[in-house]
Chemist: 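Pasting a structure below so you can have a look.
Positions are given from 1, in the same order as the sequence printed here.
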Amino acid sequence: MTVLTRRIGGAELEVIVADITTLGVDAIVNAANTSLLGGGGVDGAIHRAAGPELVAECRMLHGCKTGDAKITRGYRLKAAHVIHTVGPVWNGGTLGEDDLLASCYRRSMELCGKHKLTSVAFPAISTGIYRFPADRAADIAVRTTIEGLALAPTVARVVFCCFSEPSARLHAETLARQGGPCAD
Ligand code: AR6
């Protein structure tokens, strides 16, 4: 279900409610942990849908630091690639959580630029098991991704793939504030 679409520069940004594992984009972003070897939430769903080849490639990456991102192939997913990023665990906001979350979106966009990807879908990183407040995270996600378009000139489509309508509403509110005229 598409909640909002906005054109910003050469890119279309969409807020949708969907299961990210079903999307046919160049890359879906995974909210992983530092091991990159799978887990619960969206990470578990992506590994289940991609098949065991994904964890085999992840094993060769030797983990990922919080705030950083690494790219693999998508295997049995419709998406050609998976960008694995590690969001911060929310600890009250005094341990640099905002900057680390922004870094996840920035590094993911950098990888899109480096690999000349044209479309990317993000889940609401850190807002599940890692307990980052959903409204604060949505604001960082949308603002940092818009800034990150400059790092990824090939990207023509960005999807904020929310798993619930309340989450989509938060992303849509921020995007509506930041975005230009409606693309529909
Ligand atoms: N499609 C889209 N979004 C989803 C899906 C899905 N299939 N499944 C869940 N979400 P979480 P985190 C949403 O917990 O907070 C894992 O164990 C979910 O509703 O997946 O970054 C990792 O290995 C929420 O809005 O990730 C780490 O250990 C958002 O995705 C840890 O969880 C993120 O929730 C990472 O925790």
Chemist: What heavy-atom pair brings A50 and L54 nearest, and what distance separates the two atoms?
Modeler: CB-CD2, 3.7 Å
Chemist: Grab the two heavy atoms, one from P153 and one from A150, that are nearest each other, plus how far apart they are.
Modeler: CD-O, 4.1 Å
Chemist: Answer yes if V158 and I8 sit in the same cluster of Ile, Leu, Val, Met, Phe, Trp and Tyr residues linked by side chain heavy atoms under 4.5 Å apart, and no otherwise.
Modeler: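 Yes, V158 connects to I8 through the hydrophobic network.
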Chemist: Listed by chain and number, what are the side-chain hydrogen bond (donor to acceptor under 3.5 Å, both in side chains) partners of T34, not counting sequence neighbours?
Modeler: none
Chemist: Judged by modelled atom types alone, do Y75 and E57 share a side-chain donor-acceptor pair under 3.5 Å?
Modeler: yes
Chemist: Say whether V25 and I125 are linked into one hydrophobic cluster, either directly or through other cluster members, by side-chain heavy-atom distances under 4.5 angstrom.
Modeler: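 Cluster IDs for V25 and I125 differ.
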Chemist: Could you grab the distance from atom CG of N30 to atom SG of C104, nearest 0.5 Å is fine?
Modeler: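 That separation rounds to 11.0 Å.
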Chemist: Is there side-chain contact between L95 and V89, with heavy atoms separated by less than 4.5 Å?
Modeler: no
Chemist: How far apart are the C-alpha atoms of R6 and E12, what are their side-chain angles, what is the distance that settles it, and do they pass the salt bridge (charged side-chain N to carboxylate O under 4.0 Å, His left out) test?
Modeler: CA-CA 6 Å; R6 282 283 185 276; E12 198 148 280; over 6 Å; no
Chemist: What's the verdict on side chain to side chain contact (heavy atoms under 4.5 Å, CB included) for E97 and N91, showing C-alpha distance, side-chain angles and the deciding distance?
Modeler: CA-CA 8 Å; E97 293 96 323; N91 267 302; 3.3 Å; yes
Chemist: Any side-chain heavy atom of H171 sitting closer than 4.5 Å to one from L175?
Modeler: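 Not in contact.
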Chemist: Is there a path of hydrophobic side-chain contacts, each under 4.5 Å between heavy atoms of I, L, V, M, F, W or Y residues, that connects V42 with L36?
Modeler: no
Chemist: Honestly curious: do L77 and I20 fall in one hydrophobic cluster under the side-chain, below-4.5 Å linking rule?
Modeler: yes
Chemist: So do L23 and C161 actually touch side chain to side chain, heavy atoms under 4.5 Å?
Modeler: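 A side-chain contact exists here, since the closest heavy-atom pair is under 4.5 Å.
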Chemist: For F122 and Y105, take the angle between the two ring planes, folded into 0 to 90°, and tell me which bin it lands in: parallel under 30, tilted 30 to 60, perpendicular over 60.
Modeler: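 Correct class here is tilted.
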Chemist: I'd like to check V120 versus V159 (side-chain heavy atoms, cut-off strictly below 4.5 Å). Are they in contact?
Modeler: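 In short, these two side chains do not touch, never coming nearer than 4.5 Å.
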Chemist: Find out if a path of hydrophobic residues (ILVMFWY) with successive side-chain heavy-atom gaps under 4.5 Å connects I28 to M1.
Modeler: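 I28 and M1: separate clusters.
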Chemist: Going from CD on E110 to CD1 on I71, what distance comes out if it is rounded to the nearest 0.5 angstrom?
Modeler: 12.5 Å
Chemist: Could you tell me whether D43 and R48 have a side-chain N and a carboxylate O separated by less than 4.0 Å?
Modeler: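 Not counted as a salt bridge, because no side-chain N and carboxylate O are separated by less than 4.0 Å.
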Chemist: Quick check for you: to the nearest 0.5 Å, what is the distance between R136 atom CZ and S126 atom OG?
Modeler: 12.5 Å
Chemist: Apply salt bridge (charged side-chain N to carboxylate O under 4.0 Å, His left out) to D135 and list each qualifying residue two or more places apart in sequence or on a separate chain.
Modeler: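 Applying salt bridge (charged side-chain N to carboxylate O under 4.0 Å, His left out) to D135 gives none.
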Chemist: Do you know the tightest heavy-atom contact between K78 and T22?
Modeler: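 Reported closest heavy-atom pair: NZ-O, 3.4 Å.
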Chemist: Is it the case that H84 and T72 place a side-chain donor and acceptor less than 3.5 Å from each other?
Modeler: yes
Chemist: For D99, is there any backbone N or O sitting under 3.5 Å from a side-chain donor or acceptor partner on S103?
Modeler: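 Absent.
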Chemist: T144 side chain to A102 main-chain N or O, any donor-acceptor pair under 3.5 Å?
Modeler: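 Not at all, since once roles are kept as given, no pair shorter than 3.5 Å links the two residues.
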Chemist: Would you confirm whether S119, through its side chain, and D26, through its main-chain N or O, come within 3.5 Å as a donor-acceptor pair?
Modeler: yes
Chemist: Could you tell me which non-hydrogen atom of P52 sits nearest to which non-hydrogen atom of R76, and how far apart they are?
Modeler: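 For P52 and R76, the tightest heavy-atom pair comes out as CD-NH2, 3.6 Å.
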Chemist: Does H115 form a side chain to side chain contact (heavy atoms under 4.5 Å, CB included) with I83? I'd like the steps, not just the answer.
Modeler: CA-CA 11 Å; H115 293 269; I83 294 173; over 6 Å; no
Chemist: Backbone N or O of L4 within a donor-acceptor pair of the T2 side chain at under 3.5 Å?
Modeler: no
Chemist: Just how far is it from atom CZ of R107 to atom SG of C112, taken to the nearest 0.5 Å?
Modeler: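 Result: 11.0 Å between the selected atoms.
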Chemist: Find out whether L170 and F160 are in side-chain contact, i.e. whether some heavy atom of one side chain is under 4.5 Å from a heavy atom of the other.
Modeler: no
Chemist: Stepwise, does the side chain to side chain contact (heavy atoms under 4.5 Å, CB included) test hold for C58 with H47?
Modeler: CA-CA 10 Å; C58 284; H47 276 273; 4.1 Å; yes
Chemist: Check side-chain contact (heavy atoms from CB on, under 4.5 Å) between I129 and all other residues, then give those that pass, not counting sequence neighbours.
Modeler: none
Chemist: Considering only heavy atoms from C-beta outward, does the side chain of V82 approach that of I46 to under 4.5 Å?
Modeler: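 In contact.
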Chemist: Hey, does T174 have a side-chain heavy atom less than 4.5 Å from the side chain of Q178?
Modeler: yes
Chemist: Heavy atoms, side chains only, cut-off 4.5 Å: are R169 and V3 in contact?
Modeler: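 They are not in side-chain contact.
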Chemist: Would you please test H81 and L117 for side chain to side chain contact (heavy atoms under 4.5 Å, CB included) and show each step?
Modeler: CA-CA 9 Å; H81 300 90; L117 306 186; 3.9 Å; yes
Chemist: What pair of heavy atoms forms the shortest contact from F132 to A137, and how long is it?
Modeler: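 F132 and A137 have their closest heavy atoms at CD2-CB, 3.6 Å.
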Chemist: Does K70 reach the main-chain N or O of T85 with its side chain, forming a donor-acceptor pair under 3.5 Å?
Modeler: no
Chemist: Whether R73 and E53 form a salt bridge (side-chain N of Lys/Arg under 4.0 Å from carboxylate O of Asp/Glu) is what I want to check.
Modeler: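 No, no charged N to carboxylate O under 4.0 Å.
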